[in-house]
Amino acid sequence: MRLLEQFGLPLLLVAMIVVFAVNPTTGAVFSSEANINNILGNQAVTALVALAMVVPLVAGYFDLSVSAVTGLSNIAVAAIIGPYGLPIPVGIVIGLVIGALIGFLNGFLVAKVRLNGFVVTLGTYTFLLGVIAYYTHGALITSGIPPSFGDWTSETTLGVPRPFILLVIVAAIIWYVLAHLPYGRRLASIGSNEDAARLVGINTTRVIWTSFVISGVLAAAAGALQTSRGGAGDPTIGSAYLFPALAAVFLGATAIKPGHYNVWGTIVGVYFLATSVSGLSLLGADVWVQPVFDGIALVLAVALSTLIARRRERNAAKTALPQ
């Protein structure tokens with residue numbers, strides 16, 4: 001039963017791949033190198049946004065602003081290296097700094113001022129979408145962006161899209177920090193019981209604050225990657241990644257470490273959703289299928305992760321009772 005909980009979603013992903021690969025209608029296109037590279041490369045941005053959510057969620061705090069931070073970073077990087085003509089590294093660094101500053105502000109309001117994290121980051125999300133709309137007037141930023149900026153993310157290494165390789169590297173770093181460093185254990189302690197963590201000497205304010213900064217940097221990195229992938233600053237992406245990333249995060253909490261937000265479960269969740277939508281699209285599904293599928297997946301994932309967490313709590317309580 002435990003193994004089924006841990007690896008149920010990965011096995012479902014494998015089953016989904018097999019079904020679409022052998023289906024006569026979808027098989028040839030779905031199994032093509034172009035489609036596989038497209039799924040792996042395109043979903044790297046969504047996965048980075050999802051990972052940005054995971055870090056503060058381990059401590060029990062939502063960061064709903066990550067999608068808008070990605071959108072703002074996308075616009076900022078495109079504008080800096082395009083119309084303003086600054087070097088590509090400068091544009092990327094400024095994009096990351098913007099993300100860090102927004103995360104710093106979110107962390108200050110949540111960890112220091114003790115405001116509700118859900119409300120604060122939802123407000124930040126809405127505010128940033130307004131800033132994007134004001135700056136761009138709804139128009140793409142394409143002028144002056146050097147083609148070389150998109151060349152890196154459009155190429156492969158050993159047949160694997162470079163954005164996917166970048167994602168795996170970032171995911172491995174975040175996993176190591178959360179699973180093997182004291183900082184990750186402190187985050188988990190806060191997520192389990194913040195008052196108890198404070199009583200044993202953990203500086204909960206600093207740890208939570210830092211988690212929002214890390215979240216902002218990861219979301220901004222996703223924006224810079226999207227600029228390279230799309231070759232433009234797109235004012236619509238600020239809202240495009242929120243619900244797919246949320247769905248992936250909650251799906252991920254049902255796998256690998258069931259009942260806990262975790263890195264590899266989240267990655268599996270991202271590619272499960274992407275594979276499903278890709279296969280359904282090849283079957284002729286209309287454009288409304290993706291948001292409907294993401295919404296259903298989000299509700300089911302929340303329900304499953306909640307039920308798993310409750311069952312674990314009941315089992316722990318039974319174990320703690322004297323025999």
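Side chains included, hydrogens not; waters and symmetry mates left out as well; all remaining heavy atoms used.
- The two residues S215 and P56 come nearest to each other via the heavy atoms CB-CD, 3.9 Å.
- One side chain, S228 or T153, offers a donor N or O that lies under 3.5 Å from an acceptor on the other.
- Residue R206 qualifies as open at atom CZ: its count of foreign heavy atoms under 6.0 Å is 12 or below.
- Every side chain to side chain contact (heavy atoms under 4.5 Å, CB included) that S143 has, sequence neighbours left out, goes to P83.
- The side-chain heavy atoms of T26 and N23, taken from C-beta on, include a pair separated by under 4.5 Å.
- Checked against the 6.0 Å centroid threshold, F212 and F108 do not count as a close aromatic pair.
- A salt bridge links E194 with R114: the distance from a Lys NZ or Arg NE/NH1/NH2 to an Asp or Glu carboxylate oxygen falls below 4.0 Å.
- Open room surrounds CZ on F243; 12 or fewer heavy atoms of other groups in view lie less than 6.0 Å from it.
- Between N37 and T156, the side chains place no donor N or O within less than 3.5 Å of an acceptor N or O (distance only, hydrogens not considered).
- A donor-acceptor pair under 3.5 Å links the side-chain atoms of S67 to the main chain of G238, judged by distance alone.
- Side chain of T157 to main chain of V160: no donor-acceptor pair is present (N/O by atom type, distance under 3.5 Å, no hydrogens or angles).
- Note on V119 and L246: separate hydrophobic clusters, where clusters join Ile, Leu, Val, Met, Phe, Trp and Tyr whose side-chain heavy atoms are under 4.5 Å apart, directly or indirectly.
- The nearest pair of heavy atoms linking A78 to A232 is CB-C, 4.0 Å.
- L13 is listed as a side-chain neighbour of T275, based on a closest heavy-atom distance under 4.5 Å.
- Using a 4.5 Å heavy-atom threshold, the side chains of V77 and F149 count as touching.
- At a threshold of 4.5 Å between side-chain heavy atoms, the hydrophobic network of Ile, Leu, Val, Met, Phe, Trp and Tyr places I98 and Y134 in two separate groups.
- Separating the CD1 atom in I75 from the CG atom in L140 is a distance of 8.0 Å, to the nearest 0.5 Å.
- Partner of Q43 under the side chain to side chain contact (heavy atoms under 4.5 Å, CB included) criterion, out of I267, L167, V270, L48: V270 alone.
- Scanning both residues, I88 and P146, for their nearest heavy atoms gives CD1-CG, 3.8 Å.
- When atom types are taken as modelled, the side chain of T121 and the backbone of L64 share a donor-acceptor pair closer than 3.5 angstrom.
- Looking at Y183, its side chain never comes within 3.5 Å of a backbone N or O of V177 through a donor-acceptor pair.
- When atom types are taken as modelled, the side chain of T227 and the backbone of N74 share a donor-acceptor pair closer than 3.5 angstrom.
- Using cut-offs of 30° and 60° on the angle between ring planes, the pair F164 and Y271 is perpendicular.
- With rounding to the nearest 0.5 Å, the separation of CG in L109 from OG1 in T124 is 7.0 Å.
- Summarising the geometry of A52 relative to V66, their closest heavy-atom pair is CB-CG1, 3.7 Å, with the distance given to 0.1 Å.
- Side-chain contact between N42 and R229: present, with at least one pair of heavy atoms (C-beta onward) separated by less than 4.5 Å.
- In this structure, CG on D151 lies 6.0 Å from OG on S148, to the nearest 0.5 angstrom.
- For the pair N262 (side chain) and A255 (backbone), a donor-acceptor distance under 3.5 Å is present.
- Side chains of V58 and S211 form no contact here, defined as non-hydrogen atoms less than 4.5 Å apart.
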I would like to know whether D234 and Q226 meet side-chain contact (heavy atoms from CB on, under 4.5 Å); could you show each step before the answer? CA-CA 9 Å; D234 186 347; Q226 174 58 31; 5.6 Å; no
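- A heavy-atom distance below 4.5 Å is not found between the side chains of D63 and F118.
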Report the C-alpha separation of L57 and H260 in whole Å, then their side-chain angles, then the decisive distance to 0.1 Å, and conclude whether the side-chain contact (heavy atoms from CB on, under 4.5 Å) test is met. CA-CA 9 Å; L57 269 174; H260 302 276; over 6 Å; no
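- To the nearest 0.5 Å, atom CD1 of residue I132 and atom CZ of residue F127 are 10.5 Å apart.
- The cluster map of Ile, Leu, Val, Met, Phe, Trp and Tyr, joined by side-chain heavy atoms under 4.5 Å apart, puts V22 and L12 in different clusters.
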Please determine whether side-chain contact (heavy atoms from CB on, under 4.5 Å) holds for the pair I36 and E33, giving the CA-CA distance in whole Å, both sets of side-chain angles, and the decisive distance to 0.1 Å. CA-CA 5 Å; I36 293 171; E33 182 179 354; 5.8 Å; no
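- The two residues L273 and A247 come nearest to each other via the heavy atoms CD1-CB, 3.7 Å.
- The same ILVMFWY cluster, assembled from side-chain heavy atoms under 4.5 Å apart, contains both I173 and W264.
- With rounding to the nearest 0.5 Å, the separation of CD1 in I92 from CD1 in I81 is 7.0 Å.
- With a 4.5 Å cut-off on side-chain heavy atoms, F104 and T210 do not count as touching.
- Cluster partners of L101, using a side-chain heavy-atom cutoff of under 4.5 Å among ILVMFWY residues and allowing indirect links, are V93, V97.
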How far apart are the C-alpha atoms of T266 and Y261, what are their side-chain angles, what is the distance that settles it, and do they pass the side-chain contact (heavy atoms from CB on, under 4.5 Å) test? CA-CA 8 Å; T266 298; Y261 302 107; 5.9 Å; no
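- Taking CG of L72 as the reference point, atom OG1 of T136 lies at 10.5 Å (rounded to 0.5 Å).
- In this structure, F30 and F20 have tilted ring planes: the angle between them lies in the 30° to 60° band.
- The closest donor-acceptor contact from the side chain of S73 to the backbone of V69 lies at 3.5 Å or more, if one exists at all.
- Of the possible donor and acceptor atoms, one in the side chain of T126 sits under 3.5 Å from a partner among the backbone N and O of L122.
- In this structure, the side chain to side chain contact (heavy atoms under 4.5 Å, CB included) partners of A179, at least two apart in sequence or on a different chain, are W175.
- Heavy atoms only, all atoms of each residue included: A219 and T70 are closest at O-OG1, 2.9 Å.
- Both V200 and I208 belong to a common hydrophobic cluster when Ile, Leu, Val, Met, Phe, Trp and Tyr are linked at side-chain heavy-atom distances under 4.5 angstrom.
- A 4.5 Å side-chain heavy-atom check between P163 and L166 finds every atom pair outside the cut-off.
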